[in-house]
Amino acid sequence: MKSYFFFFLTLFFANLHYGQEGPTNIILMIGDGTGLSQITAGMYANGNKTHLESFPVIGLSKTHSSNALVTDSAASGTAMACGVKTLNGVVGISMSNEYRSSILELSKEKDYKTGLIATSSIVHATPASFYANVISRKQYEDIAFQFSISEVDYFIAGGKKHFNRRSDRRNLLKEMTDWEFANNLKGFDASMNSRVGYFTNDDEPLPIREGRKPSLQAATASMLKKLNNDEGAFFLMIEGSQIDWGGHANDLGYITTEFIDFDKAIGEMVQFVEKHPNTLLIVTADHETGGLGLSAGNVKNFTPKGGFVTGGHTASMVPVFAMGVGAETFAGIYENTAIFDKMLAVLNKN
Ligand code: MG
Ligand code: ZN
């Protein structure tokens with residue numbers, strides 16, 4: 001009897017020790033407007049391969065908002081960031097008019113470091129869902145102000161003009177006194193400041209095929225060097241923003257080039273997870289854009305061809321890919337708000 005007791009005691013402490021290997025890093029990668037057809041087209045255009053193939057768990061997310069079967073990026077961003085369905089156009093506010101805390105803000109309560117990367121401006125609906133609460137996603141100056149007092153530690157994105165060329169004549173960059181702003185990735189890497197930002201563009205960054213710098217992979221690698229230190233865990237959101245814009249333009253080449261840029265960043269993250277197993281990595285989309293159908297193409301050189309049913313978004317479910325700690329909970333079909341719930345469950349285990 002006694003020996004059984006010690007056996008279970010040993011098991012208990014072994015598990016306790018295992019659980020204490022440190023809190024879990026949480027990384028959410030969002031391909032805006034990236035449905036299964038966008039992934040398929042990008043994969044073929046990339047020589048029939050994508051880093052998504054290395055993910056052990058795949059699920060499907062229902063993207064509808066509270067007032068529309070077809071969501072916009074504000075409502076779906078809010079669903080994933082804050083765990084509530086809301087009206088199209090609304091950022092971080094629930095149907096009962098509650099200002100919701102995002103997973104980024106909740107991670108901060110656990111002493112996480114936090115980072116945001118987007119290939120749009122930082123005030124665009126998707127990244128804004130992680131730090132702002134506004135009735136309309138178009139309130140760019142209000143969103144910029146809320147960013148200036150937010151819980152974000154590091155960012156790489158566009159949109160500088162919303163901070164320093166404002167209708168209220170305030171220069172938020174001067175007000176953000178504990179921040180250092182870099183002019184390029186080298187400067188971002190070199191800064192020893194506890195909060196560092198790099199505005200990649202005054203306004204919206206260029207498409208990658210028109211020479212956008214830095215690549216999402218390079219931005220991701222620099223961000224990981226900042227976030228991954230000995231002091232603790234981090235939350236990071238990376239958005240491939242312009243896959244959506246390719247969908248709105250019904251431009252398959254725009255979609256595939258943006259997807260390939262996003263896919264290289266996924267590859268960078270997969271390598272990170274292999275070296276740092278104490279990490280949850282999720283790759284998903286906020287919705288599909290364009291109703292893309294791949295109706296033709298050439299199998300010899302994997303050239304996809306197709307057509308679109310709309311210049312807007314569609315209601316199609318979008319895939320969710322997961323690996324690392326808690327990844328198994330992402331299998332199945334669920335509402336996009338469950339992505340928040342599942343991340344929060346991992347955060348609360350710490
Ligand atoms: Mg977006
Ligand atoms: Zn869109």
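Computed from a predicted model, the values in this text were never measured in an experiment. When a ligand or atom number is given, it counts from 1 through the structure's own listing order.
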Problem set entry | Considering only N, O or S atoms of Glu239, the one closest to the Mg ion (ligand 1) | OE2
Exercise. Any N/O/S atom, backbone or side chain, of Asp72 lying under 2.8 Å from the Zn ion (ligand 2)?
Worked result: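 Under 2.8 Å: Asp72 has no N, O or S contact with the Zn ion (ligand 2).
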Problem set entry | Metal check, the Zn ion (ligand 2) vs His248 N/O/S, cut-off below 2.8 Å |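 So His248 counts as coordinating the Zn ion (ligand 2), yes.
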Exercise. Think Lys174 forms a cation-pi with Phe163, using NZ or CZ under 6.0 Å from the six-ring centre and within 45 degrees of its axis?
Worked result: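 Geometry flag: not set, cation outside 6.0 Å or 45°.
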Exercise. Relative to Phe188, does Lys226 satisfy both conditions: NZ or CZ under 6.0 angstrom from the six-membered ring centre, and within 45 degrees of the ring's axis?
Worked result: yes
Problem set entry | Apex the Zn ion (ligand 2); atoms His313 NE2 and Asp244 OD1; angle rounded to 10 degrees |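 Once rounded, the angle between the two atoms at the Zn ion (ligand 2) is 100°.
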For this session: Rounded to the nearest 10 degrees, what's the angle OD2 of Asp32 makes with OG1 of Thr126 at the Mg ion (ligand 1)? Could you check?
Result: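 Seen from the Mg ion (ligand 1), OD2 and OG1 are separated by roughly 90°.
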Exercise. Quick check: does Asp244 have an N/O/S atom under 2.8 Å of the Mg ion (ligand 1)?
Worked result: no
Exercise. Does the distance from a Lys or Arg side-chain N to an Asp or Glu carboxylate O, for Asp202 and Lys161, drop under 4.0 Å?
Worked result: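 Here Asp202 does not pair with Lys161 in a salt bridge, since their nearest N and O are not under 4.0 Å apart.
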Problem set entry | same_hphob_cluster(Met176, Phe145) at 4.5 Å side-chain heavy-atom cutoff | yes
Problem set entry | The single option from His248, Arg209, Gln242 passing side-chain hydrogen bond (donor to acceptor under 3.5 Å, both in side chains) against Tyr254 | Gln242
